[in-house]
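To start, the structure under review is shown below, and the notes come after it.
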Amino acid sequence: MTNSVVFTFVAIACVSAIPLLALLILVRHEQRLTSMLPYLISLAAGALLGAALFHLMPEAAELFGAGKKFGCGIFAGFFGFLLLERFLRLHQHVHRAHDEHRTAPFAVLNLAGDAVHNFIDGAIIGAAFMMDTRLGVTTTFAVILHEVPQELGDFGVLVHAGHAPLRAIMLNFAVATTAFAGGAATHIAGARMEAVVHGLLPVSAGMFLYIAASDLIPELQREDCTSRSVAQVSLVLAGALLLMLLA
């Protein structure tokens with residue numbers, strides 16, 4: 001096993017572990033966690049918008065230009081998640097009488113979008129280490145910085161959907177393993193993997209836009225307290241701006 005492969009998997013392990021450690025600290029204070037959930041949802045919405053608008057879409061636009069391929073990729077991700085949510089909601093309605101503990105559709109969508117995004121991150125880290133170790137370390141640090149706020153938000157989404165905090169952490173960790181698949185695929189496929197990652201960028205952006213605009217932001221619109229509404233909107237803005245600064 002070459003050094004670049006070892007470095008890639010160690011780096012991805014760090015990217016996966018650091019947000020999970022932050023979540024474990026948060027779970028120890030369950031009463032505080034309950035009161036923080038609306039704000040974690042706000043952070044998640046902002047982080048998803050920021051990742052889509054300031055990270056994934058600009059990269060995709062550089063590769064494809066702001067033409068039909070770019071637009072079709074975003075539409076594919078957005079419309080694909082619309083169809084998936086329709087299917088999940090219809091399926092949930094049919095089986096509701098038999099199982100009251102099914103996962104909310106928006107939580108499934110969030111996990112699916114996060115899985116694609118983690119795969120892309122893993123592939124990017126793998127490619128960076130294949131080129132240069134210092135570039136790989138820098139790339140890993142950048143990924144960690146944008147993963148922490150996003151994973152905190154994703155955790156809030158899962159708990160809000162009805163999952164116990166520890167189960168939400170386990171689901172986040174399971175989804176994080178797709179980064180290892182992305183890193184491995186890059187080292188196995190080499191340059192051929194680059195085309196796959198490029199194609200996933202606008203699709204992933206469309207997925208994130210759908211989750212934020214269709215599922216998370218409507219959840220925040222239910223708040224009727226002015227001070228809490230201001231705090232939530234501020235966190236949406238903060239999450240988006242943070243991802244813009246880290247892009």
Side-chain angles (χ1 to χ4, degrees), residues 11 15 18-19 22 39-81 106 109-125 127-128 135-157 172 175-176 178-179 182 194 196-220 231-247:
V15 169
I18 290 174
Y39 306 108
L40 288 175
I41 295 290
S42 304
L43 182 65
L48 288 172
L49 289 172
L53 296 172
F54 305 127
H55 176 58
L56 298 169
M57 288 173 66
E59 286 190 40
E62 284 184 17
L63 293 167
F64 301 111
K68 287 185 179 179
K69 285 185 179 180
F70 174 72
C72 284
I74 294 172
F75 179 76
F78 193 97
F79 189 69
F81 264 27
F106 68 83
L109 297 181
N110 194 66
L111 288 169
D114 202 25
V116 174
H117 192 218
N118 288 337
F119 181 88
I120 293 172
D121 283 344
I124 290 171
I125 289 171
L135 177 61
V137 171
T138 303
T139 302
T140 301
F141 183 66
V143 171
I144 288 172
L145 286 177
H146 83 248
E147 275 297 306
V148 171
Q150 190 166 322
E151 289 296 331
L152 284 171
D154 291 341
F155 171 75
V157 170
N172 263 358
V175 168
T178 59
E194 189 175 350
V196 175
V197 172
H198 290 172
L200 285 174
L201 288 172
V203 174
S204 186
M207 292 174 178
F208 282 7
L209 288 174
Y210 180 85
I211 297 167
S214 177
D215 293 314
L216 300 188
I217 291 176
E219 288 287 314
L220 302 179
Q232 289 175 3
V233 170
S234 298
L235 278 169
V236 173
L237 180 61
L241 290 177
L242 181 60
L243 267 292
M244 180 183 72
L245 294 173
L246 299 176

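Remember, predicted model here, so these are calculated numbers, not experimental data.
Contact annotation: the side chain of V143 approaches that of I125 to within less than 4.5 Å [non-hydrogen atoms, C-beta and beyond]. Side-chain contact between L243 and H55 is absent, with no heavy-atom pair separated by less than 4.5 Å. Two residues are said to be in side-chain contact when any heavy atoms from C-beta on lie closer than 4.5 Å; L53 and L209 meet this criterion. You'll find the side chain of F54 stays beyond 4.5 Å of the side chain of L49, heavy atoms only. With a 4.5 Å cut-off on side-chain heavy atoms, L216 and V236 do not count as touching.
In this structure, the separation between CG on N172 and CG on L111 is 7.0 Å, given to the nearest 0.5 Å. Note that CD1 of I124 is 5.5 Å distant from CD of E59, once rounded to the nearest 0.5 Å. With rounding to the nearest 0.5 Å, the separation of CE in M244 from CG in L237 is 9.0 Å.
In terms of heavy-atom proximity, A52 sits nearest to F208 at CB-CB, 4.0 Å. The minimum heavy-atom distance between A44 and V157, with the atom names listed, is CB-CG2, 3.8 Å. Across all non-hydrogen atoms, the minimal contact from L43 to G239 is CD1-CA, 3.9 Å. Contact record, F81 with A112: CZ-CB, 3.8 Å, taken as the closest heavy-atom pair. G156 and I41 get closest at one heavy-atom pair: O-CD1, 3.7 Å. The two residues S42 and L235 come nearest to each other via the heavy atoms CB-CB, 3.7 Å.
Side-chain atoms of S204 do not come within 3.5 Å of backbone N or O of L201 as any donor-acceptor pair. In this structure a side-chain-to-backbone donor-acceptor pair under 3.5 Å is present from N118 to D114.
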Applying side chain to side chain contact (heavy atoms under 4.5 Å, CB included), run through F70 and L63 and close with a yes or a no. CA-CA 9 Å; F70 174 72; L63 293 167; over 6 Å; no
Full working for side chain to side chain contact (heavy atoms under 4.5 Å, CB included) between D215 and E219: CA-CA 7 Å; D215 293 314; E219 288 287 314; 6.0 Å; no
Determine, step by step, whether F78 and M207 satisfy the side chain to side chain contact (heavy atoms under 4.5 Å, CB included) criterion, reporting the C-alpha distance in whole Å, the side-chain angles of both residues, the deciding distance to 0.1 Å, and the verdict. CA-CA 5 Å; F78 193 97; M207 292 174 178; over 6 Å; no
